[in-house]
Every structure is written in C-alpha cells, then in structure tokens.
Amino acid sequence: METKYIFVTGGVVSSLGKGIISASIGKLLQARGYKITIQKFDPYINIDPGTLNPYEHGECYVTGDGFETDLDLGHYERFTGIETTRDNSITAGRIYKTVIDRERHGDYLGKTIQVVPHITDEIKERMLRTPLASPEGDTKEASPRGGIEGVDFVITEVGGTIGDIESAPFMEAIRQLRWQLGRNAINIHLTYVPYLKAAGELKTKPTQHSVKELQGMGIQPDILVLRTERHLDDNVRMKVASFCNVNMECVVQSEDMPSIYEVPVNMQRQGLDAAILKKIGIPVGEMPAMKGWHDFLDKQRNATREVHIALVGKYDLQDAYKSIRESLNLAGIYNDVKAKLHFINSEEITPQNIAKKLENIQGVVICPGFGQRGVEGKVIAAEYTRTNDIPTFGICLGMQMMVVEFARNVLGYKDANSAEMSPDTTHPVIDLMEEQKNITQMGGTMRLGAYDCELIKGSCAYEAYGEEVLVRERHRHRYEFNNQYLQEFENKGMKCVGVNPAAGLVEIVEIPEKRWYIGTQFHPEYSSTVLHPHPLFLSFVKTCLGEIEN
C-alpha cells in the first residue's frame, strides 16, 4: 500500500508526552502487522542536541549510525524495537543550514531565499523522502512516488507547542502536505485539559483555543488526545468534539498511568489505532492481542519486592539519565522486582559521608557525563563499592572513573587521572583518542555510534551476554582507556574483557573477584527495549537482587 503519514502536534503546554503518544501509536500499528517508522522534527536552531546542556534538554540519545538526537528517539526504540538513524531526527538548524549551504553553492540561481517556499520545501522533502529505519533496522530508500519503500506508516512528531514562533514553518509544511497527500495523511493533536481544584471543574477552554490556533494555520486535527490527570466523562469529550469539529470517537484521553508502558494499552482500549485506520480508509479488523506486551505489564504489576539502586552523577534531573533509568526499570521487571532508583549527587560525596549515602543500597550505577564537576565524587564512590564488594556498573565516564580509582589506590599512582580532567597528569590512564587531538569543533565530532566489541570467554560480561563473543554497542565519548597501562591493570586484577577488534580499544573492564564490578566505555542503555532488555542490566540487577536474598 502507499505510505501513510501521521503528524503529531502539541498544544497548550510542552512536556505533555508527545513522544510517548507517538511511540504508542507506532506500537499499536506494529501490532496490526504494519511496518512503521517514527521521526522527530525539533524547531530549535541547534544542528543536533549534542551540545545542549542536559538541564536544558534532558539526555542526548545516540543512534546506531552515530547521530546525537533527542531523547524521544529512545522512547521510539524502546517501545517499537526499531533502530533509528540520523534521518529520524531533524532540527530547524539542519533545515536552515541545508538551505543556506545550497544558496551559497548557487543552487537557487539567484532567487531570493524565503521561509516559504524554500524552508518549507526542505521540511517537506525531509518528511517525505528521507531514508528511514524499518522495523528490521534496515535503511529503506524513498520510493519513486515519494513514499518510503517498505514502510506503511511514517509517524512524524513535531516538537514544541502550537503558537511557538519557530514552529510556524513546520506547521505550514504539514498544512501543505495534508493537501498534497489527501487521505494518506492525518493530524493528531495532543492538548491539555486542566482541573481547577477551587472550582472543582475540568476546563476544556485551553484545548479549544489550541485547536482554534491550529485551524488558523490551516490544519484541522483529525484526532485529539487529551492529556489529563483526571478521568474525562463522555460529556467533556462530547463538548471538546463539538467545539473542535472532531468526531466523538476521535477524542481520546491520556490519563496519568502507573507506568508509561501502560499507555499503548490504554490507547488501544479507547480505539486510537482503530480511529487512525478509519480516518485513512483502511479496514480496522480485529484488535491485536499484544501478548508479549501484556505479559510484560503483568510482570510489572505483580512485582512486589524492591531492589534499591543508586545513580551517582552530577545532573539532578530525571531526564538527564532517562535511558539508564528505563533500562534499570526494565531489568527490574524482568527480574520480578521494582527497581527503586536513588540519585546521589557526586559533587556532594566525600570519603566521610559515602557510607551513609550508600546505606541500604544494593547496587550502584556510576553515570556518564563530561567535564570536571563531580568526578572526584565518582572516584570516591567507585573505591567504596570496590572495597565493600557492592555490585557496581560504570558507564562511559563512570567506567573511566573506576579505572582512575583503581590506578590510584591499587596500582599506586596517586596522581592518576583522565587527561580530560588533568591534562598535566603524569599517569593519564584515560587519554584523548589519537584521532581527536586535532579536532576543534564540539558538535558531532566524538566517537559516536555502534562499534564491535569482542568479549573474553569466561568473563562476567561474556556470561551476561549469553556467551556471545562479538557484540555491537553504541558510543559517545572522546577519551579512552590508555593501553600503555593495560598489562599493569591486568596483573593487579582489573581485567580488560571487551576490546574493539579493529582498533584495539578497551570497551569493558571488570574485576572478576568481585560479585559484579563492570565498567563499559559504551552506552548499553541505548540498546535496551521493552521486549528485549539489555543483558548487562539484567545481569546487574539480578546480582543486586542476590544481595536481598542473601
């Protein structure tokens, strides 16, 4: 069939959960046998989120082909299992840069460059013709008719809120595409219905105004998803339908759920996927069973025990470590426990208070990051967990601080450090990669994307992966383990059990004599999905759980 396009927009306020709704739509359509892909268009002028502060934008998610993207792509992958690429994340910065580069090259033959049609045409081009990832992870080229070969549905989420100045070109592009594609394109608009406690009423006026503004841009929403903390009765939904020119069956509510993974089931229960198919003119058929998803939810609901895991990092913001948090939650569910996560600010850690801060903690994740701030706290945490045999998982910078701690306190190099933190150290056990030394640009210049890692048989990591020898994981860093010190580490008990076979770079370190003390230079959290949680997280949580059982 011809490719169908679903445009997801948001109104009233930001952070309503367009990413979760988009991922849920993708999951429901997948369950019906359709091949889908999801793309995110962000109106900000940055080329990508790679240089954004996590306090500004949450974590930076990295695709397998090495592109720094918005964290919503993590939701897309966790829900649907597709492997996204750089073509699934587009910013206004990339759009404007492409147009400006073409103008400088002379491609427009002296024409005056304007937002309409040049910027909007580039947006439409990206929405329609860009190669995107299929559910199998293969890249599919644009077909001659302008659709995407092998993909039945393209779900396009537009960041920001209706009325934002920077969103206007994207709304105009959607308006034009709605006319060009006819019934092959629909708009789903997510809004907010607040509850005024003093009045004891749910208020639909913000939704009405949001839809009115969307209509003023020439876009009539086909389906409304109403974000609410309170259940909306049929009278409220009918009122919204009447004032917004939307069928009653196309007004769906998105209530607060115990877990984001309940959202697809809630949307299916209200017939969101059926409404989409009807609007596009496809027979609805039977409701899919989604057995695997329901089995997962049953495990989540039935988990009664808790495992307490500390996240040691410097960003006291939930979204800054979003993929790590979700990977731990998923691993907990598959181990039949609830993972209770406790953030510990590494800037506040001292040798005197570390024991108190880790009291009643069954496992510790030393989080990734960049820069000097908070790293000494991570070193102190690594020493405490190593000497007290507390299961420890260091990721990227976390792994590097585990190496630094071992060099200082076991190898005896008291000034050992990462060259990132101390360029003049006489023992740079973590050093800048050779190919990074002449790079001056910050954005998109790190070691990014998926690389092979060869595991040492018999290691804890090898057993966690299910005795696989060669795995492929995603990276985001500039500094590496310094192989000049490799033999010294090995001789003293920290083993390098995962190595990139092409470059010889160390990817995984562990101390076999400890119950679970592993550091990875890569980011395993990027590869963990609802139906396929990452084996390292599964193994880590299982070991933490053993602490409870013992």
Side-chain angles (χ1 to χ4, degrees), residues 61-66 74 77-78 80-85 133-138 292 296 299 323-324 326-336 363 365 368 391-396 398-399 402-403 447-477 480-481 483 486 489-490 494-546:
Y61 189 81
V62 178
T63 60
D65 66 342
E77 291 202 10
R78 281 188 289 274
T80 66
I82 64 174
E83 185 175 328
T84 56
T85 72
S134 77
E136 292 77 31
D138 300 322
F296 164 79
K299 289 181 74 68
S323 291
I324 292 175
E326 293 306 319
S327 296
L328 289 168
N329 286 331
L330 296 175
I333 292 165
Y334 279 93
N335 277 289
D336 299 314
V365 175
T392 306
F393 194 171
I395 298 174
C396 199
M399 168 267 202
M402 292 165 72
V403 168
R447 187 184 186 212
L448 293 164
Y451 291 87
D452 288 338
C453 175
E454 190 171 356
L455 304 175
I456 302 298
K457 290 185 178 180
S459 64
C460 180
Y462 173 78
E463 293 174 0
Y465 276 100
E467 301 184 344
E468 289 185 61
V469 175
L470 192 68
V471 297
R472 193 167 176 82
E473 298 285 1
R474 304 182 203 182
H475 294 251
R476 186 179 183 244
H477 59 98
E480 290 277 358
F481 182 96
N483 281 347
L486 192 150
F489 276 88
E490 293 261 346
M494 180 173 274
K495 306 296 183 181
C496 301
V497 299
V499 176
N500 177 266
L505 299 173
V506 173
E507 308 278 31
I508 309 175
V509 298
E510 69 176 54
I511 301 179
E513 68 178 29
K514 302 299 179 183
R515 291 189 301 123
W516 212 99
Y517 196 85
I518 295 179
T520 65
Q521 184 59 75
F522 52 78
H523 290 260
E525 70 271 21
Y526 293 149
S527 304
S528 201
T529 68
V530 171
L531 298 183
H532 297 95
H534 195 282
L536 284 177
F537 283 99
L538 286 173
S539 175
F540 171 66
V541 171
K542 185 176 182 179
T543 306
C544 296
L545 183 59

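- In this structure, the side chain of E490 engages the main chain of C496 through a donor-acceptor pair within 3.5 Å.
- Remark: the backbone N or O of V62 is paired with a side-chain donor or acceptor of R474 at under 3.5 angstrom.
- E510 contributes a side-chain N or O that, together with a main-chain N or O of A461, makes up a donor-acceptor pair within less than 3.5 Å.
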Checklist line | Residues K299, D336; criterion side-chain contact (heavy atoms from CB on, under 4.5 Å); working and verdict | finding: CA-CA 6 Å; K299 289 181 74 68; D336 299 314; 2.8 Å; yes
Item checked: Candidate pair T520 and L536, rule side-chain contact (heavy atoms from CB on, under 4.5 Å), full reasoning -> CA-CA 10 Å; T520 65; L536 284 177; 3.8 Å; yes
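- Between H523 and H477 the shortest side-chain heavy-atom distance does not fall below 4.5 Å.
- Taking the side chain as every heavy atom from C-beta outward, V509 and V497 never approach each other to under 4.5 Å.
- A 4.5 Å side-chain heavy-atom check between I456 and Y462 finds every atom pair outside the cut-off.
- At least one side-chain heavy atom of Q521 sits under 4.5 Å from a side-chain heavy atom of C396.
- Side-chain contact between I333 and F296 is present, with heavy atoms from C-beta onward closer than 4.5 Å.
- Here the CZ atom belonging to F481 is positioned 6.5 Å from the CG atom belonging to N483, to the nearest 0.5 angstrom.
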Notebook entry, point to check: What's the verdict on side-chain contact (heavy atoms from CB on, under 4.5 Å) for M494 and V403, showing C-alpha distance, side-chain angles and the deciding distance?
Noted result: CA-CA 8 Å; M494 180 173 274; V403 168; 4.2 Å; yes
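- Residues F540 and P391 form a side-chain contact, since some pair of their non-hydrogen atoms from C-beta on lies under 4.5 Å apart.
- Looking only at side-chain heavy atoms (C-beta outward), F522 and Y451 stay at 4.5 Å or farther from each other.
- Between atom SG of residue C453 and atom CD of residue E468 there is a gap of 11.0 Å, rounded to the nearest 0.5 Å.
- Looking at P368 and I324, their side chains come closer than 4.5 Å, going by heavy atoms from C-beta outward.
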Next item on the list: Carefully, step by step, assess F537 and F393 under the rule ring-ring contact (aromatic ring centres under 6.0 Å, His included).
Entry: CA-CA 9 Å; F537 283 99; F393 194 171; 5.1 Å; yes
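- For the pair S539 (side chain) and P535 (backbone), a donor-acceptor distance under 3.5 Å is absent.
- Between R447 and E480, at least one side-chain nitrogen of the basic residue sits less than 4.0 Å from a carboxylate oxygen of the acidic one, meeting the salt-bridge criterion.
- A donor-acceptor pair is defined here as one N or O able to donate and one able to accept, closer than 3.5 Å; no such pair exists between the side chain of S528 and the backbone of S327.
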Item checked: Audit row: I518, T392, side-chain contact (heavy atoms from CB on, under 4.5 Å) steps and yes/no -> CA-CA 6 Å; I518 295 179; T392 306; over 6 Å; no
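- Of the charged side-chain nitrogens involved, none lies within less than 4.0 Å of a carboxylate oxygen, so that E525 and R476 do not count as a salt-bridged pair.
- Checking E473 against Y526 by side-chain atom types alone, no donor-acceptor pair falls below 3.5 Å.
- For the pair N500 (side chain) and D452 (backbone), a donor-acceptor distance under 3.5 Å is present.
- Atoms CG and CG, from L531 and L330 in turn, are 9.5 Å apart once rounded to the nearest 0.5 Å.
- From T543, atom OG1 reaches atom NZ of K514 across 14.5 Å, with rounding to the nearest 0.5 Å.
- For Y465 (side chain) and C460 (main-chain N/O), no donor-acceptor pair under 3.5 Å exists by modelled atom type.
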